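Fair warning: this is a prediction, and the values are worked out from it, not measured in the lab. Ligands are counted one by one from 1 in listed order, and the atoms in each one are counted from 1 as well.
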Amino acid sequence: MKKNIKSLKNLPDEKGYYGSFGGRFVPPQLEKPLQEIEKEYLIAKKDPAFQKEYLDLLTNYAGRPSPLYFAKNLTKKLGGAKIYLKREDLNHTGAHKINHCIGEALLAKRMGKTKLLAETGAGQHGVALATAAALLGLKCEIHMGSIDIVKQHPNVIRMKLLGAKVVEVNTGGKCLKDAVDSAFTKFMDEYQTTFFAIGSVVGPHPYPMMVRDFQSIVGKEAKEQILKMENRLPDYIIGCVGGGSNAIGLFNEFLDDPVKLIGVEPAGKGSAVGQHAATITYGSEGIIHGMKTIVLQDEKGQPNPVHSIASGLDYPGVGPIHAYLKDIGRVNYTSVSDDETIEAFLELSKVEGIIPALESSHAVAEAIKLAPTLDKNKIIIVNLSGRGDKDIDYVAKLLKI
Ligand SMILES: *Cc1c(COP(=O)(O)O)cnc(C)c1O
């Protein structure tokens, strides 16, 4: 009998499947351009020159490695497990997204493309991609729902300053899902010269794999750092899950280790349709944006409206790798409400002097619940995926401060 001790770090299979999830569900004319991206990426992945350039830019431009910070005050206040924060908020542009944007931009250049194209919700991916485009001398076009354009005005200005063209999307709910649809359509017209740079571990193969690889630097660093600081592995790792790139970025290096992994979804204002974006918690198997995964959908398979206080988590699908890790029970997925998120946002700001992104505050909230239930010798690492500067106006309005 053949033993099948495959590492979870080496997913997906050659067709882009994670168990029964993933794959490539696209119109026939996109099949070939995506195959080309896959082929070129697999070569680049093994090319030392490509990896060297990628790591060099992450180090000297984005500011990696990001610190693994022992949150002494928060730990003391909660009186349980030790809490460490992986400080992705300290990267250039203020979040983890720069990691995969630099990777995707380098690949685009390697393939001789002259333009980067993407969707954005809150504008975080758009800003990070426009930054990478400016750095590497590529054109950049970002599709964004008109509602998000109004809500996230500072990021629209940033993108424009960075030289990107922002395309307003007025179809459907005028939010992230519609921006993805619009960018996909544009890609079909322009794939000869343009590289579609998806902003999370979502979409058709090879994107979930590629973005996971570019983000896995987060977990590689964290493992080295915690072994150096504590001389052992952590007991728990927590990350918020929108599409799932920051979470898998931190989880990936620990998938084969005896470490408990927790993905936190946005429970929003409640379990009714349209009040949350907790895809794994409430969704069912379906197809969205070129991948088979878990989807929040109606009986006809149309995506449901979603809500989260954190725009970056406001998505009715999830990366196929997370659907699979849920299926095999390797990761425990839970959810945190808008109110708990705001509390965690305020708590970390006051107690540690770190204003976290509302997305990241979901993970912090889960740590705040978990730590006091654990022994003092236990260790939790939380992915602080981004900084909260972008959220301060919203929070100020909400709390009337
Ligand atoms: C975009 C974003 C997220 C959500 O995306 P994932 O792919 O789930 O990581 C989380 N945190 C921050 C700060 C973001 O900008």
Side-chain angles (χ1 to χ4, degrees), residues 66 85-101 104 118-129 131 142 144 148 152 154-155 158 175-176 179-180 197-203 207-208 210-212 214-219 237-252 262-266 277-280 289 291 293-294 306 308-323 325 331 333 335-336 341 344-345 348 354-366 382-391 394:
S66 69
L85 304 174
K86 183 60 175 159
R87 298 290 309 274
E88 291 301 294
D89 61 313
L90 293 178
N91 297 335
H92 179 45
T93 67
H96 68 289
K97 287 197 173 75
I98 194 74
N99 302 330
H100 65 244
C101 285
E104 288 183 303
E119 77 296 341
T120 196
Q124 296 297 101
H125 176 59
V127 169
L129 195 68
T131 300
I142 304 292
M144 191 170 184
D148 287 332
Q152 308 289 341
N155 275 344
R158 283 186 189 103
C175 287
L176 176 60
V180 179
I198 294 182
S200 187
V201 285
V202 299
Y207 286 98
M210 212 158 66
V211 173
R212 184 268 324 268
F214 289 135
Q215 286 296 344
S216 64
I217 180 102
V218 178
I237 295 181
I238 305 177
C240 66
V241 178
S245 66
N246 86 87
I248 200 64
L250 182 54
F251 294 170
N252 197 60
I262 304 177
V264 186
E265 298 195 306
T279 306
I280 294 180
H289 296 139
M291 60 179 162
T293 186
I294 300 177
V306 281
S308 168
I309 193 168
S311 315
L313 304 182
D314 213 352
Y315 183 63
V318 69
I321 191 165
H322 288 286
L325 293 172
V331 177
Y333 294 88
S335 62
V336 152
T341 300
F345 175 93
L348 197 70
I354 298 170
I355 302 177
L358 285 172
E359 291 81 4
S360 325
S361 300
H362 284 75
V364 175
E366 180 59 24
V382 178
N383 203 2
L384 208 70
S385 54
R387 64 174 182 232
D389 301 48
K390 67 182 179 58
D391 298 312
Y394 179 82

Checklist entry - In chain order, what residues pass the salt bridge (Lys or Arg N to Asp or Glu O under 4.0 Å) check against Glu119, with sequence neighbours excluded? => result none

Item to check | Over all atoms of both residues, closest heavy-atom pair of His362 and Glu265 | outcome: CD2-O, 4.1 Å

Checklist entry - How would you list, by chain and number, every residue that makes a salt bridge (Lys or Arg N to Asp or Glu O under 4.0 Å) with Arg87, sequence neighbours excluded? => result Asp89

Between ligand 1 and the protein, find all N/O pairs closer than 3.5 Å and give the distance for each.
| from | atom 1 | to | atom 2 | distance (Å) |
| --- | --- | --- | --- | --- |
| ligand 1 | 7 (O) | Ser200 | OG | 2.6 |
| ligand 1 | 7 (O) | Gly244 | N | 3.3 |
| ligand 1 | 7 (O) | Ser245 | N | 2.8 |
| ligand 1 | 7 (O) | Ser245 | OG | 2.6 |
| ligand 1 | 8 (O) | Gly242 | N | 2.8 |
| ligand 1 | 8 (O) | Gly243 | N | 3.2 |
| ligand 1 | 8 (O) | Gly244 | N | 2.8 |
| ligand 1 | 9 (O) | His96 | NE2 | 3.1 |
| ligand 1 | 9 (O) | Ser245 | N | 3.4 |
| ligand 1 | 9 (O) | Ser245 | OG | 3.2 |
| ligand 1 | 9 (O) | Asn246 | N | 2.8 |
| ligand 1 | 9 (O) | Asn246 | ND2 | 2.7 |
| ligand 1 | 11 (N) | Ser385 | OG | 2.7 |
| ligand 1 | 15 (O) | Lys97 | NZ | 2.6 |

Checklist entry - Got a sec, which residues hit salt bridge (Lys or Arg N to Asp or Glu O under 4.0 Å) with Glu104, two or more places apart in sequence or on another chain? => result none

Item to check | His289 ring center within less than 6.0 Å of Tyr207 ring center | outcome: no

Checklist entry - In a check of side-chain contact (heavy atoms from CB on, under 4.5 Å) between Ile280 and each of Thr293, Val331, Val318, Leu325, which one passes? => result Val318

